[in-house]
There are 2 protein chains.
Amino acid sequence: MQAKPDSVIKGDCLEALNTVADESIDLIYLDPPFFSQREHILAKRDGSEEFRFSDNWESLNSYIQFLNVRIELCKKKLKPTGSLFLHCDRSAGHYIKVMLDEVLGRENFQSEIIWTYRRWSNSKKGLLSNHQTIFFYSKSADFKFNQIFDAYSPSTNVDQIMQLRVRDFRNKTVYQKDNNGDSVLAAEKKGVPLGDVWDIPFLNPKAKERVSYPTQKPILLLDRIISLVTHPGDIVLDPFCGSGTTLVAAKIMNRSYIGIDRSGDAVKLSLKRLQNPVKSSSKLLEKGRDSYRKNNSEIESAVKEVGGVTVQRNKGIDGLLKTEVGMVPFKVVLSGDDILNHAQLISKSSSKNKFKKRALFARYKVKTGEVKKIENEFNLIVFTTLSELSEKLRI
Amino acid sequence: MQAKPDSVIKGDCLEALNTVADESIDLIYLDPPFFSQREHILAKRDGSEEFRFSDNWESLNSYIQFLNVRIELCKKKLKPTGSLFLHCDRSAGHYIKVMLDEVLGRENFQSEIIWTYRRWSNSKKGLLSNHQTIFFYSKSADFKFNQIFDAYSPSTNVDQIMQLRVRDFRNKTVYQKDNNGDSVLAAEKKGVPLGDVWDIPFLNPKAKERVSYPTQKPILLLDRIISLVTHPGDIVLDPFCGSGTTLVAAKIMNRSYIGIDRSGDAVKLSLKRLQNPVKSSSKLLEKGRDSYRKNNSEIESAVKEVGGVTVQRNKGIDGLLKTEVGMVPFKVVLSGDDILNHAQLISKSSSKNKFKKRALFARYKVKTGEVKKIENEFNLIVFTTLSELSEKLRI
DNA sequence: AGGGAGCCTGAATCCTCAA
DNA sequence: GTTGAGGATTCAGGCTCCC
């Protein structure tokens, strides 16, 4: 029996992979259990349904052995020009890499991709872990690869990227000149080749894309992997397809796909998602994290000067200050700003009366009469120094 | 013989470490050769001198063995509350980690720190590697650790930061309410705990901090490591001290230090740097990479729309376009902008007549008369579509 | 074919010059 | 004199080319 393209198979990939033709796959993406030694459960918001899978193992050895035999099979299924991406984290990543080197060959190791994201912090001793690792191997030196370009760093100057350079008699690099003494310009510039550290937002717990499957990966991540090493019409295989993100991404990008999962629930969910493949978008994904940045450097340094915490996403609040009466939100008023307008903004912000006190941090000398008026009318504190603030708080 | 604090010892650390008292060190930072299988050479700017070290090995096994015996020694020298940081890259990092787990205990592995940076690129098949790895192990569960806080992500909103949260009956997180149904505010917020992906600028080739030693690390990186796990007065040990960056950072932060290196040149250089410890500062370090960013999202999306490359560091140029006559710089004119002013800016940019043609990309309907006038006066092309640009270029 | 020499590149600094 | 815009320069990874 032969696995059809664009299908999702229920079963352990150790058996299911035998139904896939040898040397027929362009990209294999594996997102196996990470050796977290725990059960993963995620319930739908309304509690109606829950998905779970077990990530408990007898030993590290048995886990690596489990992967080993499956990777050997995967290797067989890859075209000579194909690539394999394995997603893991620090739980067992290094042992996996040593095994991959053995099975796929150290010379075929292309990249250690770091997927980094911001997520909710849990205060613990040590560094907050906010990355996972993806190992990128090709089957041979002659693998398919589509160069992707990123923007230049903002600190790069045009002259430098546009002008061709040569070496002078002292072997120093200098700008090339033509016979007239004019600079020689580059014919084409596309940007910087994509690096191996990818800052891609973690799937927000509330994102529409979410289907309540534990360890669901953002489509954007799969998107990038698929476009790096495949062309339209190529076949993508995911032996641990889970909620089917890889398959959905492949379908959206006009690639064929084969998904495999041991769990019947996972297969059902994948098939359901594939009927209506959606890629969620958000301001964060489209415009980038910096589009949320509101404060300019003058405001930020004012916040820092008084030891405050910077707040970006609220029109009325520039920072938070720790005081005797708890955290106090404040807005910075620069010379030239309309102080009345600022008073209104901070008063309206966080409407639900969450804060006992709010403050305006004036960076210039405000007239005493105006201070009094604003403080009364808006129930605010206007301050220019920290001691002034704490004095006014004490009253 | 006993190694004195604040000293630099010439010799292989395998022997030199024996002069260090057992359980006396708070932090060991190791930056050994990475198994790059090549010689690292760097000459001084004036060519007067050169520093080199060899990173050639018989086999991966002999390299790991070399490290193994030295790490065992290091472990002995660490205080029970001490930590060890090992710097490496993907050449052998995964094999090192497996060995470290064995020597220091998997339970004492704290973090895989990713040091990421931007650097020169090179057109190659595959992803541009722009990270190195630092493994962070403690000697015991009871290790010294100073929590460091980062700024909140710009997309974080105040309500999230300030309101306490609890888990509801389904174990989902919800905002905590008091008896009146009002939100309960957090007492103090310092920011997000520092993560394990560190974006720290690579030591720039032009930086004054450079001392012409190959593979020199930025002081800022060591700064962060030292402040994470030591207090003033503690002892920092670097068994592969090279140019002495670790020792300089330790000295600046009032920690004691012991450096070891096989090369007499390295020891001499370290001692010299320690006489006058300097930490370089720059606009990038102080204000951040975004301080170079000039274009807003409206301009950037205009540049993207015509397939251009964004330019940030030039007042007169917003982007570059590939055309039949080579790359053409252009500036975006939004409705409401002063088009004459923009024409002046782009004309003045890159003064030395480097570009054959410059253009203004008008995002609104400019009067035909005004277009003619600007094109003649400033020798510019004004366009609203790509086809208009290429048509005008053909003439 | 194998190894070494040299080429290409852009980040971020230093430096220069103009306002 | 001071500020800041932008032009010039160095470094090292990975490639290409040449013997």
Side-chain angles (χ1 to χ4, degrees), chain A residues 110-111 141 145 147 149-168 170-177 183-184 186-196, chain B residues 34 36-47 50-52 55-56 89-91 116-132 199-218 220 280-292 294 309-317 320 329 345-346 348-355:
Chain A
Q110 298 298 337
S111 290
F145 191 83
Q147 189 87 281
F149 293 93
D150 234 354
Y152 288 103
S153 169
S155 58
T156 306
N157 61 22
V158 204
D159 304 277
Q160 200 227 150
I161 57 174
M162 286 303 299
Q163 293 177 71
L164 293 182
R165 280 169 290 180
V166 287
R167 293 202 175 245
D168 73 358
R170 268 199 314 271
N171 207 29
K172 290 195 181 240
T173 309
V174 292
Y175 289 129
Q176 188 180 330
K177 303 282 174 190
S183 332
V184 182
E188 185 177 9
K189 286 285 171 176
K190 291 176 181 168
V192 190
L194 184 65
D196 56 6
Chain B
F34 288 176
S36 62
Q37 296 292 38
R38 60 187 205 85
E39 186 99 3
H40 291 260
I41 310 166
L42 190 58
K44 281 202 171 176
R45 300 260 158 87
D46 55 14
E50 71 172 30
F51 296 105
R52 60 167 69 217
D55 185 13
N56 283 304
D89 75 357
R90 64 200 194 114
S91 315
T116 165
Y117 43 81
R118 290 184 149 254
R119 234 189 7 181
W120 61 93
S121 72
N122 46 21
S123 52
K124 83 171 179 89
K125 189 176 173 181
L127 298 166
L128 189 63
S129 170
N130 49 15
H131 76 273
Q132 291 176 9
D199 187 349
I200 293 180
F202 195 82
L203 193 54
N204 191 274
K206 294 287 287 180
K208 276 191 184 148
E209 191 179 310
R210 266 194 189 265
V211 291
S212 309
Y213 197 87
T215 73
Q216 189 185 343
K217 304 290 177 297
L220 206 57
S280 68
S281 77
S282 68
K283 185 183 174 193
L284 180 73
L285 295 179
E286 274 160 28
K287 309 245 173 178
R289 198 170 281 127
D290 287 325
S291 64
Y292 284 95
K294 163 207 61 165
V309 171
T310 295
V311 169
Q312 299 281 0
R313 227 198 98 179
N314 192 298
K315 260 196 161 179
I317 302 176
L320 300 169
L345 280 173
I346 192 169
K348 272 192 284 185
S349 72
S350 248
S351 49
K352 292 187 188 162
N353 273 333
K354 274 171 205 148
F355 299 104

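Letters go in sequence order (proteins before strands), and every chain restarts at 1.
Distance alone, capped at 3.5 Å, is enough to place a donor-acceptor pair between the A/K189 side chain and the A/I161 backbone. Here the side chain of B/R313 pairs no donor or acceptor atom with the backbone of A/T156 at under 3.5 angstrom. For the pair B/E209 (side chain) and B/L203 (backbone), a donor-acceptor distance under 3.5 Å is absent.
Between B/T215 and D/dA12 there is no side-chain N or O to OP1 or OP2 distance below 4.0 Å.
Under 3.5 Å, the side chain of A/Q160 and the base of C/dA11 form at least one donor-acceptor pair of N or O atoms.
Taking the six-membered ring for Trp and thresholds of 30 and 60 degrees, B/F202 and B/W120 have ring planes more than 60 degrees apart, a perpendicular arrangement.
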So B/F34 and B/R90, side-chain contact (heavy atoms from CB on, under 4.5 Å) or not? Walk me through it. CA-CA 8 Å; B/F34 288 176; B/R90 64 200 194 114; over 6 Å; no

One pair to check against side-chain contact (heavy atoms from CB on, under 4.5 Å): B/K217 and B/Q132. What are the steps and the verdict? CA-CA 11 Å; B/K217 304 290 177 297; B/Q132 291 176 9; 3.9 Å; yes

Please produce a list of atom pairs where a protein N or O lies less than 3.5 Å from an N or O of nucleotides 13-19 of chain C.
from: C/dT13; atom 1: OP1; to: B/S282; atom 2: OG; distance (Å): 3.1
from: C/dT13; atom 1: OP2; to: B/S282; atom 2: OG; distance (Å): 3.2
from: C/dT13; atom 1: O4; to: B/R313; atom 2: NH1; distance (Å): 2.9

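Atom CD1 in B/I317 sits about 15 Å away from atom P in D/dA5, given to the nearest Å. Taking atom NZ of B/K315 as the reference point, atom P of D/dG7 lies 13 Å away to the nearest angstrom. For the pair A/Q147 CD and D/dG14 C1', the interatomic distance rounds to 12 Å; values are reported in whole Å. The distance between atom CD of A/Q176 and atom P of C/dT9, rounded to the nearest whole Å, is 11 Å. At whole-Å resolution of the value, OH in B/Y117 and P in D/dA12 are 12 Å apart. Nucleotide C/dG10 holds its C1' atom 14 Å from the CG atom of B/L320, rounded to whole Å. For the pair B/R118 CZ and C/dA12 P, the interatomic distance rounds to 7 Å; values are reported in whole Å. Between the CD1 atom of A/I161 and the C1' atom of C/dA12 there is a distance of 14 Å, given to the nearest Å.
The heavy-atom pair separating B/V309 from A/G191 by the smallest distance is CG2-N, 4.4 Å.
Comparing D/dA5, D/dG7, C/dA11 against the side chain of A/D159 picks out D/dG7 as the nearest. Of all nucleotides listed (D/dG6, C/dA11, D/dA12), D/dA12 comes nearest to the side chain of B/R210. For A/Y175, taking side-chain heavy atoms from C-beta onward, the closest of the listed nucleotides C/dA12, D/dT9, D/dT10 is D/dT9.
Comparing B/W120 and B/G316 along DNA chain D, the residue whose closest nucleotide (by nearest heavy atom) sits nearer the 5' end is B/G316. The 5' end of DNA chain D is approached more closely, in terms of each residue's nearest nucleotide, by A/Q163 than by the other of A/Q163 and B/Q216.
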